[in-house]
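Here's the structure, in structure tokens; my notes come after.
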Amino acid sequence: MNAKNPKNQDVASHSHFIRRRIEADLASGRVKAIKTRFPPEPNGYLHLGHAKSILLNFGLAKEYGGTCNLRFDDTNPEREEQEYVDSIIESVKWLVPEFDGKALYASDYFDFMYQCAEYLVTSGNAYVDSQSAEDMKRNRGDFTRPGVDSPYRSRSPEENLSLLREMREGKHADGAHVLRARISMASPNINMRDPALYRIKRATHHRTGDRWCIYPMYTYAHPIEDAVEKITHSLCTLEFEDQRPFYDWLLNKLADGGLLQHPLPQQIEFARLQLTHVMLSKRLLIKLVEDKVVDGWDDPRMPTLAGARRRGYTPEGFRRFAERIGVSKENSWIDYSVFEDCMRQHLDEVAQRRFAVLDPLKLVIENYPEGQEELMEAPNHPKKPQMGKRTIPFSRELWIEREDFQELPEPKYFRLYPGNKVRLRFGYVIECIGYDKVTNIVSAKYLPETKSGTSGADSIQVKGNIHWVSVRHARDAEIRIYDRLFKTEKPEGQYDLNADSLKKLRARLEPSLENADMQAVQFERHGYFISDRDGFSRTVTLRDSWATATR
RNA sequence: UGGGGCGUCGCCAAGCUGGUCUAAGGCACCGGAUUUUGAUUCCGGCAUUCCUAGGUUCGAAUCCUAGCGCCCCAGCCA
């Protein structure tokens with residue numbers, strides 16, 4: 001960790017409170033190796049917020065030579081589905097190359113959890129409450145008033161045990177009873193006022209089927225899951241901070257009873273990711289899919305990992321992002337530009353360059369013979385000769401970008417306009433000699449001695465450099481341009497959709513794109529794109545200081 | 001209102017066993033150099049100030065006290 005080396009800042013992992021905590025635990029010998037876990041509930045697709053957690057947990061494990069489990073927190077059969085399990089495994093595999101694809105399930109520990117419940121009952125630490133949900137709520141008290149004990153709170157361990165067994169055996173209706181911890185109804189921390197441990201719920205579980213009719217609550221199940229897996233550092237988000245006293249209470253009781261061994265897992269909370277212009281509420285995400293605002297969970301505009309993948313965002317970019325934003329307990333909003341910058345940075349290194357004219361305008365080179373053609377040579381990457389070259393056919397009629405021509409140029413515009421010279425990138429320098437408003441054709445003459453790669457190439461200096469595609473050789477393709485789904489900077493509640501989040505264009509491409517089997521490509525002067533289905537999707541634009549200046 | 005957290009540049013975020021802090025780094029922004037992508041790269045600028053007010057100290061972003069602000073908790077959800 002060379003946090004102080006500014007040259008390596010971007011790759012260097014910087015200090016944060018969880019790393020320090022782990023280092024202290026390792027140094028003191030409290031744990032000999034670390035073990036973390038990523039515990040999603042399979043009730044939706046993974047999103048950008050989960051990426052932070054996944055990368056934190058798997059990243060820390062890798063960094064300190066430990067391991068990390070993917071574990072499904074499947075304790076509520078009413079909301080969980082196999083489809084989500086599958087998509088989650090898929091996304092984690094994509095994001096984390098070292099992940100072996102093996103998943104663990106809380107539901108595999110149901111027997112042990114139940115055994116722990118019986119122990120808590122017999123040791124007087126839990127009881128069966130038969131109040132209605134409404135009474136329980138009323139008797140919990142509020143922020144100012146302590147709760148009052150349930151009339152069932154003093155049932156004997158024997159009575160509690162037989163009731164608990166009857167609950168498990170299905171002798172009681174849903175909601176008739178609930179198992180609660182016996183802690184204190186007067187605790188200033190409401191989470192400690194005898195929290196519910198088990199509820200009766202006749203629902204078919206996606207893995208255990210109808211074997212159970214009682215299911216453990218998250219509060220109760222999670223600490224046990226961690227302990228069973230010998231997790232050392234259980235990382236979760238800030239809203240679980242108030243739950244930590246119960247987490248520790250439970251684990252210590254079970255350890256006292258010999259059901260668990262030390263060292264016990266430690267819960268550590270950090271701030272969840274909030275990204276500007278991105279909405280990460282599962283409820284709203286589901287709504288976007290159901291309302292068909294987007295084309296499914298993996299729509300490239302969706303902030304899901306499945307969507308990010310189709311959009312062309314890369315795992316490496318995510319890794320840089322996670323490292324860059326750090327980890328803290330500060331409730332913060334990360335600017336979307338940080339995310340985009342991480343992706344650009346990675347894509348710049350790996351993407352081959354190609355020409356694509358997105359908004360075509362015809363250019364005719366009057367002094368170039370009809371029927372003649374040449375092959376221009378162009379590197380696949382300006383700084384990586386090892387990535388090779390390709391050739392681009394050149395002819396008299398070309399497609400150029402509409403925005404690369406202005407009949408009446410605005411100040412500082414140095415692209416094509418009548419009388420101005422510009423280089424056709426990797427080709428010739430041309431001079432614009434006219435524009436026909438009726439046919440919409442720009443005419444120019446080329447300077448034969450200025451061909452790229454020849455000795456005369458630099459005989460004429462020009463400021464502008466534009467890309468082009470030969471009309472006769474052009475390939476046609478659909479290009480999808482995505483923009484943010486939400487207009488608001490911090491879309492927390494209801495959604496405020498951007499009507500222009502998807503634009504489809506008919507573009508002209510240089511022929512070498514036809515058989516290209518590329519993960520990511522840069523269309524020069526436009527941005528990074530990914531080949532998706534029968535066209536290309538724009539992942540992210542290039543930085544554009546001209547656009548910023550014109551704004 | 002009781003409890004739990006958090007407050008360092010427009011946005012993140014180091015720093016927190018007090019001095020090397022007239023406070024790192026990134027994003028954004030503003031210059032300028034190089035450039036056959038108005039891209040990349042490079043160089044420079046960007047908090048005498050660390051929520052506020054007191055205090056301790058030779059010395060405080062770092063310690064103490066009192067305020068102020070924001071977030072979370074009253075599901076048989078996670």
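Throughout, a chain's letter reflects where its sequence line sits, starting with A, and its residues are numbered from 1. Please read these numbers as outputs of a predicted model, since none were measured by experiment.
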### Query
Does one side chain, of A/His222 or A/Arg37, offer a donor that lies under 3.5 Å from an acceptor on the other?
yes

Do the side-chain N or O atoms of [X] get closer than 4.0 angstrom to the phosphate oxygens (OP1, OP2) of [N]?
| X | N | answer |
| --- | --- | --- |
| A/Ser545 | B/A39 | yes |
| A/Arg525 | B/G38 | yes |
| A/Ser328 | B/C6 | no |
| A/Ser332 | B/A13 | yes |
| A/Arg20 | B/G15 | yes |

Watson-Crick or G-U counterpart of [N], or none if no pair lies under 3.5 Å:
| N | answer |
| --- | --- |
| B/G69 | B/C6 |
| B/C76 | none |
| B/C46 | none |

### Message
Please check this pair: side chain of A/Glu80 against backbone of A/Asn76, looking for a donor-acceptor N/O pair closer than 3.5 Å.
### Response
yes

### Query
Glycosidic conformation of B/G7, syn or anti, with 90° from 0 as the boundary?
anti

### Task
Summarise protein proximity over nucleotides 71-78 of chain B in one line of letters, 5' to 3': B for base, S for sugar-phosphate only, - for none, counting protein heavy atoms closer than 4.0 Å.
SBBBSBSB

[X] [atom1] to [N] [atom2]: how many Å, rounded?
| X | N | atom1 | atom2 | value |
| --- | --- | --- | --- | --- |
| A/Arg415 | B/U36 | CZ | P | 17 Å |
| A/Leu358 | B/U37 | CG | P | 19 Å |
| A/Arg324 | B/C12 | CZ | C1' | 10 Å |
| A/Asp341 | B/A39 | CG | P | 14 Å |
| A/Lys329 | B/C12 | NZ | P | 18 Å |
| A/Ile400 | B/G38 | CD1 | C1' | 16 Å |
| A/Glu401 | B/U37 | CD | C1' | 12 Å |
| A/Gln522 | B/A39 | CD | P | 11 Å |

Looking across every strand, which nucleic acid part, if any, lies under 4.0 Å from [X] by heavy atom: base, sugar-phosphate, or nothing?
| X | result |
| --- | --- |
| A/Phe355 | nothing |
| A/Pro382 | base |
| A/Arg353 | base |

### Query
Taking A/Trp468 as the fixed residue, which of A/Phe405, A/Tyr446, A/Phe355, A/Tyr428 is the one that meets the ring pair (Phe, Tyr, Trp, His ring centres under 6.0 Å) rule?
A/Phe355

### Task
Report the residues that fulfil side chain to side chain contact (heavy atoms under 4.5 Å, CB included) with A/Ser328, sequence neighbours left out, ordered by chain and then residue number.
A/Glu330

### Summary
Scanning both residues in full, the closest heavy-atom pair of A/Pro303 with A/Met279 reads CG-O, 3.5 Å

#### Entry: CA sep, side-chain torsions, deciding dist, call: A/Glu81, A/His206, side chain to side chain donor-acceptor pair (under 3.5 Å)
CA-CA 6 Å; A/Glu81 291 172 28; A/His206 66 103; over 6 Å; no

## Note on the structure
Taken in chain and number order and not counting sequence neighbours, the residues that satisfy salt bridge (charged side-chain N to carboxylate O under 4.0 Å, His left out) with A/Glu241 are A/Lys329

